[in-house]
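Right, one structure below, let's go through it.
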Amino acid sequence: MTLSLKLPVFRAYFVSRLQSGFFTNLRFSSKHTPQMARSALDEMSETGAFTRTPSTFRNFISKDHASQFPAESGRYHLYISYACPWASRCYAFLKLKGLEKAISITAVKPKWERTKETDEHMGWVFPTSAVEEPAAEPDPLNGAKTVRELYEIASANYAGKYTVPVLWDKKLKTIVSNESAEIVRMLNSEFNDVAENADLDLYPLHLLAQIDEVNEWVYDSINNGVYRCGFAKKQQPYEEAMVKLYEALDRCEMILQKQRYICGNTLTEADIRLFVTLIRFDEVYAVHFKCNKKLLREYPNLFNYTKDIYQIPGMSDTVNMDHIKKHYYGSHPSINPYGIIPVGPNLDFSSPHGRERFGS
Ligand SMILES: N[C@@H](CCC(=O)N[C@@H](CS)C(=O)NCC(=O)O)C(=O)O
């Protein structure tokens, strides 16, 4: 476990963002327009390729008590879906850093439903009681029925997608951030005064460049790559995404033949980001998104690596395969019109993986 050394780097990053006007005192960026996509299923280029829209709320929580969003125990709430890989990576950081007492969480129901009677939008909804859907709970803060309502509380004229994760500020009653890549950084470094595992640094200074480099190709080809395969509406963009996906998986397999984790023998942010896609691969992406050239379980190193990360204390709590399968197979009728959920393969990620041989 490496002690956090990167305060100056974070400051420099923070200042450069401030100078560029990237995040401001505004509650959300004013760049959104009414014609923005309302759901991932609409994010399509003219060529039939899936093109993800950037997140809108991009404020940062800081350990600096004078900042607009200071890191305080009990002030923030994380809304997640267990189904969502982006939300799950935030929840994984929360668990690994030991922030469960400091930051509360609520999970939505896995399957998208109508969010308003007056339009056709389908999205994340809260159950009406704690027993309606195991592991999902009603919104304890705002009594919202949908994630859409949270966005509407935060901004009356919001017109973007209503995505999870949502990092909510109970004090200012607004969304701090809906960008998981930035939420994980805040959880990693800004809450160390209240984190039970303050010494765990998943983005250590000496590995910053390497983590950033790995994140870039893993995001493009694997995390987002599976969506580019699954949401393509034409053969060519699907095949292009498949080539990139499998080149990247083969590359991971080679790397993991020689070392325990993707950036060496230390667990980092890059592993958590890769894990959330791998854990869903055979159960969902291989079938639902047609990523079927090779299965995760046919890659010995990648498969054992996924088990290794799953077995880190706290990580298995972030994986709810029932929610994952209910969501993907049930929420995209254009891909799976009858919403049938495949029975298999029910992989066991808690079996021995043998990766201790690399040490850590
Ligand atoms: N950039 C966002 C992406 C989050 C995202 O796409 N979440 C999906 C679930 S996996 C979502 O909420 N989609 C709602 C919709 O498309 O309407 C992040 O990483 O936080």
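Counting convention: from 1, in listed order, for ligands and their atoms alike. Since this is a predicted model, take the numbers as computed values, not measurements.
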At what distance is the nearest protein heavy atom to [atom], and which residue and atom is it?
atom	result
atom 16 (O) of ligand 1	A40 N, 2.7 Å
atom 2 (C) of ligand 1	S55 OG, 3.5 Å
atom 9 (C) of ligand 1	C84 SG, 3.4 Å
atom 5 (C) of ligand 1	W86 CD1, 3.4 Å
atom 12 (O) of ligand 1	W124 NE1, 2.7 Å
atom 19 (O) of ligand 1	S180 OG, 2.6 Å
atom 1 (N) of ligand 1	E179 OE1, 2.9 Å
atom 7 (N) of ligand 1	V164 O, 3.0 Å

(message) Less than 4.0 angstrom from a charged side-chain N to a carboxylate O is my criterion; do D169 and K173 meet it?
(response) no
(request) Run the salt-bridge test on R251 and E247 with the 4.0 Å N-O cut-off and return the result as yes or no. (result) no
Is the Lys NZ or Arg CZ of [X] less than 6.0 Å from the centre of [Y]'s six-membered ring, within 45° of the axis?
X	Y	result
K294	Y299	yes
K326	Y328	no
R185	Y203	yes

(message) Between T163 and Y151, is there a side-chain donor-acceptor contact under 3.5 Å, judged purely by atom types and distance?
(response) yes
(request) Return a yes/no value for A181: is any of its N or O atoms, backbone included, closer than 3.5 angstrom to an N or O of ligand 1? (result) no
(request) Check whether any N or O atom of Y227, backbone or side chain, sits under 3.5 Å from an N or O atom of ligand 1, and answer yes or no. (result) no
(request) Taking only heavy atoms of P165 into account, list the atoms of ligand 1 that are under 4.0 Å away from them. (result) 20 (O)
(message) Can you confirm whether more than 12 heavy atoms, excluding those of E216, are under 6.0 Å from its CD atom?
(response) no
(request) Quick one: sort the Y76 and F69 rings into parallel, tilted or perpendicular, breaks at 30° and 60°. (result) tilted
(request) May I ask you to decide if the ring planes of Y285 and F289 are parallel, tilted or perpendicular, using 30° and 60° as cut-offs? (result) parallel
(request) Report the member of N223, T163, V276 with the shortest heavy-atom distance to atom 13 (N) of ligand 1. (result) T163
(message) I need the contact type for N178 against ligand 1. Using non-hydrogen atoms and a strict under-4.0 Å cut-off, is it side chain, backbone, both or neither?
(response) backbone
